[in-house]
Amino acid sequence: MGLISGVVMGMLFGVALMAGWRRMMAYRSEKRVAKAADIKVLASLGREELKKICGEHFPEWVSFPVYEQVKWLNKQLSKLWPFIADAGEMVIKESVEPLLEQYRPVGITSLKFSKLSLGRVAPKIEGIRVQSLKEGQITMDIDFRWGGDPSIILAVEAIAVASIPIQLKDLQVFTVVRVMFQLAEEIPCISAVVVALLSEPKPRIDYTLKAVGGSLTALPGIAEMIEDTVNTIVTDMLQWPHRIVVPIGGIPVDVSELELKPQGKLTIQVVKANELKNKEMIGKSDPYTVLHIRPLFKVKTKVIEDNLNPVWNETFELIAEDKETQSLIIEVFDKDDIGQDKKLGITKLPLIDLESEKLKEIELRLLPSLDMTKVKDKKDHGTIALKVFYHEFNKEEQLAALEAEKKSLEERKQMKEAGMIGSTMDALDGAASLVSTGIGAGLGAGVGIVGAVGSGLTKAGKFMGRTITGTSASRRSGASTPVNSTQENGGVKPQQ
């Protein structure tokens, strides 16, 4: 009896073991098939889909296999970093402080480094892509990440406020650096190097501000002012197509082909705004509009008092250096005689949407910010109506634009020294402007116009001893929201 029961139990155990093994193998097979399907789906995802899954700071080689990993280079960079950091601190201080002065907001009277140390944590290069986009050039895109331990303290002074040291903490940099080598037949076989930050993915500089031995409340809005200054310097000096051109080799080199030249002139007629948001407790807002392609060359309309549907009908001219990547930024403010002017809305018009030599009438919806992901206020901020006309330059007009830019920068500096403006970034109206484009005739009487010209080529002054060229994109990501757009050949002919 025991033998029979033992045989039966053994058979049952064997059958159960075989069934369990078969079930486990089928389960593993299903898992492998499901994983293969998931991998296939991931392989078909684009950049935006990967951003949603992995976040914004994933390495470029994740979505672009052409980016090669360079672990060996990171090892060498870690060893060299203490020497690079020591040498770079002096160069950064000497080159960036003039930019802080040039781009500082009106509310700040002085903005300088009181302490600058790059720390001992080296940057990391996640990947490198090498390509040849043009004959005689090698282009290298470097996926650059830095979460270092720098010690950066800014000495900030404002009107009627003593100097307050502001520390930048938790600094993180995420960007793709483009380095272009212009090849030559003579040793060292490179005649010039071009350096810029790619605009896509957009460079990100994250940090927190802390007052040393004080409180940021002593300077209301200081954090926003410093953030805007940093973003403006990056977009207006370093972000592609803006670039730094560095001749190499110790022999005279013609770098004009590497520099970014002005492409055309944008004539903008600010017609009117509708249904603006009221920012006043008593009465209505006093709106005016500020326009720019580059932050250094802002123009503005007159102030229309106590009106949420203002009509300006003012015309301005601005210079575009790269129609493919630049945008016209339009901001509407409420004039405040006591405090800081309040922003009523902002929008942008990508220049790539414009057709050369054709008048375009467009009504854009005003947004609280170009980066709507960080905004809680989703209410309607009204619309603004524009007439825009893009004219592409010929060779003679390009040269005239370059000369006009130099004159514009110099006159802005003189106006700042004379106390007519608080900063070279101030928006100028017709009455305050001493600048003309040098490209076309003046506009009609009563029209407030500034031919504030931004060519970006051979920028007045020096930056780190290098030739500066290029342009800026908008300071924040976003898109214009057209309400109604018509395009025509007829109508009022813009000033040329």
Side-chain angles (χ1 to χ4, degrees), residues 264-279 284-293 297-320 326-335 341 343-368 370 380-391 427-431 433 437 440-452 474 478-496:
K265 177 178 63 176
L266 187 66
T267 303
I268 315 108
Q269 182 180 354
V270 184
V271 182
K272 62 181 180 178
N274 294 314
E275 300 180 355
L276 297 177
K277 187 174 181 180
N278 193 12
K279 293 282 187 177
K284 299 178 181 179
S285 295
D286 306 321
Y288 67 93
T289 300
V290 175
L291 310 169
H292 74 271
I293 296 176
F297 299 94
K298 295 180 179 179
V299 294
K300 68 179 180 180
T301 66
K302 61 186 177 183
V303 177
I304 304 294
E305 297 183 354
D306 198 36
N307 197 328
L308 298 181
N309 297 281
V311 177
W312 289 288
N313 281 323
E314 296 187 51
T315 307
F316 303 90
E317 291 178 346
L318 294 172
I319 298 302
Q326 281 186 305
S327 295
L328 172 68
I329 307 299
I330 306 107
E331 299 175 278
V332 181
F333 291 90
D334 174 22
K335 180 67 177 177
D341 294 353
K343 183 183 291 186
L344 299 179
I346 185 173
T347 187
K348 76 173 184 178
L349 175 64
L351 301 188
I352 195 172
D353 294 343
L354 303 178
E355 190 173 350
S356 182
E357 311 302 333
K358 284 191 177 182
L359 180 69
K360 183 171 185 177
E361 298 183 14
I362 188 168
E363 188 174 12
L364 301 175
R365 189 173 302 280
L366 293 170
L367 307 172
L370 291 180
D380 191 7
H381 283 61
T383 61
I384 186 167
L386 306 171
K387 292 181 181 180
V388 292
F389 184 88
Y390 180 77
H391 167 68
L428 303 184
D429 56 22
S433 174
T437 60
L443 295 179
V447 177
I449 176 165
V450 178
S474 62
S480 59
T481 310
V483 177
N484 187 7
S485 173
T486 60
Q487 200 172 41
E488 59 186 10
N489 292 318
V492 180
K493 185 178 181 181
Q495 185 70 28
Q496 297 184 34

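Heads up: numbering here begins at 1 and tracks the sequence. Bear in mind that the values here come from a model prediction, so they are computed numbers and not experimental data. Keep in mind that the numbers below use all heavy atoms, side chains included, and drop hydrogens, waters and symmetry copies.
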**Student:** Any side-chain heavy-atom pair from T267 and T315 closer than 4.5 angstrom?
**Tutor:** yes
**Student:** Using side-chain contact (heavy atoms from CB on, under 4.5 Å), reason through L364 and L386 one step at a time and then give a plain yes or no.
**Tutor:** CA-CA 8 Å; L364 301 175; L386 306 171; 4.2 Å; yes
**Student:** So which heavy atom on P350 is nearest to which on S327, and how close?
**Tutor:** CA-OG, 3.4 Å
**Student:** With rounding to the nearest 0.5 Å, note down the distance linking CD1 in I268 to CD in E317.
**Tutor:** 8.5 Å
**Student:** For N309 and E275, indicate whether the former's side chain and the latter's backbone hold a donor-acceptor pair under 3.5 Å.
**Tutor:** yes
**Student:** Let me see the working for L354 and L349 under side-chain contact (heavy atoms from CB on, under 4.5 Å), right down to the final yes or no.
**Tutor:** CA-CA 9 Å; L354 303 178; L349 175 64; 4.0 Å; yes
**Student:** How far does NZ of K348 sit from CG of L328, to the nearest 0.5 angstrom?
**Tutor:** 11.0 Å
**Student:** Indicate yes or no for a side-chain donor-acceptor contact from S285 to the backbone of K279 under 3.5 Å, with no hydrogens or angles considered.
**Tutor:**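 Yes; at least one donor-acceptor contact below 3.5 Å.
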**Student:** Measuring from atom OG1 of T383 to atom CD of E363, what distance do you get when rounded to the nearest 0.5 angstrom?
**Tutor:**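 Rounded to the nearest 0.5 Å, the OG1-CD separation comes out at 3.5 Å.
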**Student:** Donor-acceptor pair, distance only, cut-off 3.5 Å: does the side chain of W312 make one with the backbone of K302?
**Tutor:**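 Yes, W312 side chain to K302 backbone: donor-acceptor pair under 3.5 Å.
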**Student:** Give me the one residue out of V388, L318, L266 that meets side-chain contact (heavy atoms from CB on, under 4.5 Å) with L351.
**Tutor:**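 Among V388, L318, L266, the one that satisfies the side-chain contact (heavy atoms from CB on, under 4.5 Å) with L351 is L266.
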**Student:** Show, in sequence, the C-alpha distance, side-chain angles and deciding distance for V270 and I384, and conclude whether the side-chain contact (heavy atoms from CB on, under 4.5 Å) test is met.
**Tutor:** CA-CA 8 Å; V270 184; I384 186 167; 4.1 Å; yes
**Student:** In this structure, which one of L291, T347, I346 forms a side-chain contact (heavy atoms from CB on, under 4.5 Å) with I329?
**Tutor:** I346
**Student:** Where do I319 and F297 land on the side-chain contact (heavy atoms from CB on, under 4.5 Å) test, with the steps shown first?
**Tutor:** CA-CA 9 Å; I319 298 302; F297 299 94; over 6 Å; no
**Student:** Say you draw a straight line from NZ of K265 to NE2 of H391; how long is it, rounded to the nearest 0.5 Å?
**Tutor:**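 Answer rounded to 0.5 Å: 6.0 Å.
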**Student:** Does some side-chain heavy atom of T301 sit less than 4.5 Å from a side-chain heavy atom of F316?
**Tutor:** yes
**Student:** For the residue pair N313 and Q269, establish whether any side-chain heavy-atom pair is separated by less than 4.5 Å.
**Tutor:**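 N313 reaches Q269 side chain to side chain.
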**Student:** What are the two closest non-hydrogen atoms of V303 and K335, and how far apart are they?
**Tutor:**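 For V303 and K335, the tightest heavy-atom pair comes out as CG1-CB, 3.9 Å.
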**Student:** Within the 4.5 Å heavy-atom criterion, are D334 and L276 side-chain neighbours or not?
**Tutor:**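 The answer is no; the side chains never approach within 4.5 Å.
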**Student:** Is K360 close to D353 at the side-chain level, that is, under 4.5 Å between some pair of heavy atoms?
**Tutor:**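 Yes. Closest side-chain heavy atoms under 4.5 Å.
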**Student:** Ignoring hydrogens and angles, tell me if any N or O in the side chain of D286 forms a donor-acceptor pair with the backbone of D306 under 3.5 Å.
**Tutor:**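 Present.
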**Student:** Enter the distance from F333:CZ to L344:CG here, rounded to the nearest 0.5 Å.
**Tutor:**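 F333 atom CZ to L344 atom CG measures 8.5 Å (nearest 0.5 Å).
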**Student:** Would you indicate whether the side-chain heavy atoms of H292 and E331 approach each other to under 4.5 Å?
**Tutor:**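 When only atoms from C-beta onward are counted, H292 and E331 do touch, with a gap below 4.5 Å.
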**Student:** With rounding to the nearest 0.5 Å, note down the distance linking CG in L367 to CD1 in I330.
**Tutor:** 10.5 Å
